[in-house]
K.L.:
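Please find one structure pasted underneath; my questions will follow.
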Amino acid sequence: MASKLTRSNRSGWLMAFPGVALMTLFIIVPFFLAFAFSLTNQRLASPNAAEYVGFENYSDLLGLAVFTLEPERDEDGAVLRDDDGEIDYPRLRNFTRNNPEYPGLQGKREWFSWQSGDNRTVVLASDVVFMKALVNTITFVFFVAPIQAGLALCLALLINQRLRGINVFRTVYFMPVVVSIVVVSLLWKFIYSPGDGLLNNVLGWLSFGAFNGIDWLGRTDTALPSIMAMSIWQGVGFHMVIWLAGLQNISPTLYEAGNIEGASKWQAFRYITWPGLRNTAVLILIVITMQAFALYAQIAVMTKGGPLDSTQVLVFQAVERGYGKQDISGGSAISVILFVLVLAISLVQRYLTREK
Amino acid sequence: MATVRLRDVRKSYGSVEVIKGVDIDIEDGEFVVFVGPSGCGKSTLLRMIAGLEDISDGTLEIDGQVVNDLEPKQRGIAMVFQTYAIFPHMTVRENVAFGLTIAGASKEEKERKVAEAARVLQMEHLLDRRPSQLSGGQRQRVAIGRAIVRDPKVFLFDEPLSNLDAALRMNMRMEIGKLHQDLKASMIYVTHDQVEAMTLADKIVVLKGGKVMQVGTPMELYHNPANLFVAGFLGAPSMNFLQVDVKEAAGDRVVVGNGALDPLQISAEGSSFRAGDRAILGVRPQYLDPSEDAAGMLHGQVELTERLGSETVVDIGLRDGSSIIAAISEDRVLKAGSNIGLTFDATKAHLFPHEEIREEAH
């Protein structure tokens with residue numbers, strides 16, 4: 001017989017209360033607060049009351065414009081060139097600063113541009129740093145998600161064997177996951193350090209001194225790839241374990257049946273293992289994508305978004321803006337954009353990988 | 001279609017020998033059932049024939065060729081597993097055609113062979129379904145279809161009906177029997193179910209502890225079990241065993257008896273019983289004929305009656321303290337506690353040396 005305590009609705013709620021309250025306070029309320037703040041001009045600490053500003057924070061972040069600069073010409077219509085032979089253009093700030101003829105360009109700055117004939121087409125953004133962060137984040141996800149998932153699967157296949165000492169390998173591959181990402185980032189900062197860093201030393205030794213050493217985190221072209229490589233290394237063990245669980249869910253009898261039918265190793269993978277890992281693959285894809293979008297600690301410890309914003313990412317920007325610049329509404333707006341982005345991508349992934 | 005010969009086949013895991021020298025001849029088109037209690041090595045033996053387990057020693061010939069070191073696919077066998085082992089993400093059609101897909105067969109050939117197998121198994125309407133939409137019996141049919149498509153020399157069945165419920169099991173048993181008649185292929189079938197063994201087999205191989213206990217047709221095994229184990233394993237309810245003393249022994253004729261059994265002359269060909277020996281007398285419950293007036297050779301009291309309608313199973317406590325079971329092929333009420341005498345045809349009783357009891361204990 002169930003006692004009154006376990007059947008009473010009230011005592012049920014009473015027992016659930018501490019958990020519900022904590023989750024409400026630290027997850028649900030902040031989630032909705034982010035939405036609310038992003039529609040105001042709330043500052044982290046300010047004597048002035050916050051005002052509703054509509055979608056201004058979003059337009060400040062996402063505003064884009066394309067503008068074509070025509071070259072300066074003399075009376076004959078010939079293109080004017082400077083001493084180096086470069087075409088002279090009017091200054092961009094003539095159009096973006098207080099120019100009543102171009103209200104759409106007000107306050108925007110150059111993001112990137114390209115040349116077409118004598119004209120120069122400029123893409124302007126309200127917030128160039130945010131745009132760089134957005135592009136960097138997407139680049140990061142685009143490379144990290146497939147490489148990390150693929151590498152993790154390879155490792156899982158390798159350690160899914162009954163060999164003596166295989167547990168040593170499992171442990172080794174899993175170790176980086178257990179170590180705090182901050183510690184890992186600090187270690188890799190040493191590995192990547194210019195001059196006598198571990199990586200430069202090893203490469204120099206392997207090339208008999210021909211390799212001169214690179215400031216991996218100090219160059220715009222190597223900083224983000226360096227952080228990608230380190231992030232893949234750090235997270236691969238975790239996903240390996242998930243793949244392994246999926247692999248061990250596949251009945252060994254199916255492989256025996258495949259063996260009797262004459263399936264080669266590759267065919268067994270193609271027809272038995274891979275379809276059997278379908279649900280695991282969907283899970284891993286979504287988890288890696290979400291984790292990769294949340295990239296923060298590595299950036300905060302290793303580069304702080306530099307050099308020249310080449311490693312700016314969305315979460316770092318949200319924190320930087322919200323707490324560094326005390327612009328909590330701007331930070332909230334970035335969080336909401338990130339949320340919508342991740343949600344949309346996850347839904348698309350779910351749709352593409354749905355059970356047909 | 002082919003013959004299969006096992007010569008002194010052995011299997012060891014480290015120092016533990018699980019198959020201890022097995023010799024079996026399977027003729028072309030024969031349906032052979034390996035039967036035995038769990039752990040007797042029947043499945044291991046089948047998997048060795050399939051090539052899923054190495055053969056530690058001895059030779060295995062299929063169709064006159066030694067195949068010890070060949071891969072499963074080169075042996076010309078097909079196997080049906082207890083857990084079906086059909087691929088959950090493929091349709092029935094893809095499952096059945098799997099071997100052909102692997103071998104890179106043309107689309108037409110696949111279509112033709114799948115259609116043929118579907119016709120034989122009457123599952124044309126299932127071809128586009130997925131395994132999750134099938135019942136257990138249908139899944140097993142798909143597995144059999146996949147085997148048929150391979151056109152194997154030998155079919156191997158590893159307890160194919162054990163995961164099915166009782167009613168379905170009987171249906172599928174009959175279908176497998178029919179399939180054998182249709183295909184006339186050699187088939188090896190592993191089961192622990194003696195009914196499957198008795199009904200399907202041309203030849204039964206009874207295994208115990210990695211050794212062959214007896215090989216023969218179902219009726220040979222039923223009527224002339226070579227030893228106590230086979231006698232007790234086949235038949236339901238299982239054979240009664242009475243501890244008896246040998247009173248007289250003259251050639252093939254032996255007279256036995258005990259506290260409950262009047263001296264009885266029985267023929268024991270080729271045995272070496274001597275007067276004063278102890279022996280085991282085996283009588284099937286179906287051959288015991290009770291008479292309530294206490295006349296008969298065996299004397300005891302009715303302890304329990306189970307009426308099954310077409311059959312009555314009587315538990316009888318004998319005068320010497322042991323108990324036996326009689327199965328009467330009619331509905332009959334016997335009062336518990338009443339004295340009973342049992343008669344039986346001495347030619348249908350079997351006498352075993354007493355030492356086999358000890359072997360049984362191992």
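Naming convention: chains lettered A, B, ... in sequence-line order (proteins, then strands); numbering from 1 in each chain.
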K.L.:
Who pairs with A:S185 by side chain to side chain donor-acceptor pair (under 3.5 Å), at least two apart in sequence or on another chain?
P.N.:
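Once residues adjacent in sequence are excluded, A:S185 has no partner under the side chain to side chain donor-acceptor pair (under 3.5 Å) criterion.
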K.L.:
So do the side chains of A:I27 and A:F31 get within less than 4.5 Å of each other, counting heavy atoms only?
P.N.:
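No. Closest side-chain heavy atoms not under 4.5 Å.
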K.L.:
Between B:E30 and B:K184, is a salt bridge (charged side-chain N to carboxylate O under 4.0 Å, His left out) present by the stated rule, with each step listed?
P.N.:
CA-CA 8 Å; B:E30 210 169 24; B:K184 298 191 172 55; over 6 Å; no
K.L.:
Can you name the residues of residues 98-124 of chain B that have some heavy atom under 4.5 Å away from a heavy atom in chain A?
P.N.:
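Under the 4.5 Å heavy-atom cut-off, B:F98, B:G99, B:T101, B:I102 qualify.
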K.L.:
Would you give the length of the straight line joining atom OG of B:S186 to atom CG of B:L156, rounded to the nearest 0.5 angstrom?
P.N.:
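Here the rounded value is 10.0 Å.
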K.L.:
Non-hydrogen contacts under 4.5 angstrom with chain B: give the residues of residues 264-274 of chain A involved, or none if there are none.
P.N.:
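Contacts with chain B: A:Q267, A:Y271, A:I272.
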K.L.:
So how far is it from A:L224 CG to A:T137 OG1, rounded to the nearest 0.5 Å?
P.N.:
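Answer rounded to 0.5 Å: 8.5 Å.
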K.L.:
Could you check whether the rings of B:F31 and B:H180 sit parallel, tilted or perpendicular, using 30° and 60° as the cut-offs?
P.N.:
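Geometry flag for B:H180 against B:F31: perpendicular rings.
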K.L.:
Give the ring-plane orientation class for B:F157 versus B:F155, where under 30° counts as parallel, over 60° as perpendicular and anything between as tilted.
P.N.:
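Ring orientation of B:F157 relative to B:F155: parallel.
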K.L.:
Calculate, to the nearest 0.5 Å, the distance between atoms CG and CG belonging to A:L254 and A:N259 respectively.
P.N.:
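So the gap between those two atoms works out to 12.5 Å.
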K.L.:
Check whether more than 12 heavy atoms from other residues, nucleotides or ligands sit under 6.0 Å from atom CZ of A:F142, and answer yes or no.
P.N.:
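No, the 6.0 Å shell around CZ holds no more than 12 heavy atoms from other groups.
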K.L.:
Would you mind telling me which of B:N68, B:L60, B:I49 makes a side-chain contact (heavy atoms from CB on, under 4.5 Å) with B:R75?
P.N.:
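Option passing the side-chain contact (heavy atoms from CB on, under 4.5 Å) with B:R75: B:L60.
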K.L.:
Report, in residue-number order, which members of residues 78-86 of chain B are under 4.5 Å from chain A by heavy-atom distance.
P.N.:
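From residues 78-86 of chain B, the residues near chain A are B:A78, B:M79, B:F81, B:T83, B:A85, B:I86.
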K.L.:
Looking at A:F169, I want to see if its CZ is surrounded by more than 12 non-hydrogen atoms of other residues, nucleotides or ligands under 6.0 Å.
P.N.:
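Check fails, neighbour count at 12 or below.
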K.L.:
Among the options B:R150, B:Q74, B:E71, B:R47, pick out the one with the most heavy-atom pairs lying under 4.5 Å from chain A.
P.N.:
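The candidate making the most pairs under 4.5 Å is B:R150.
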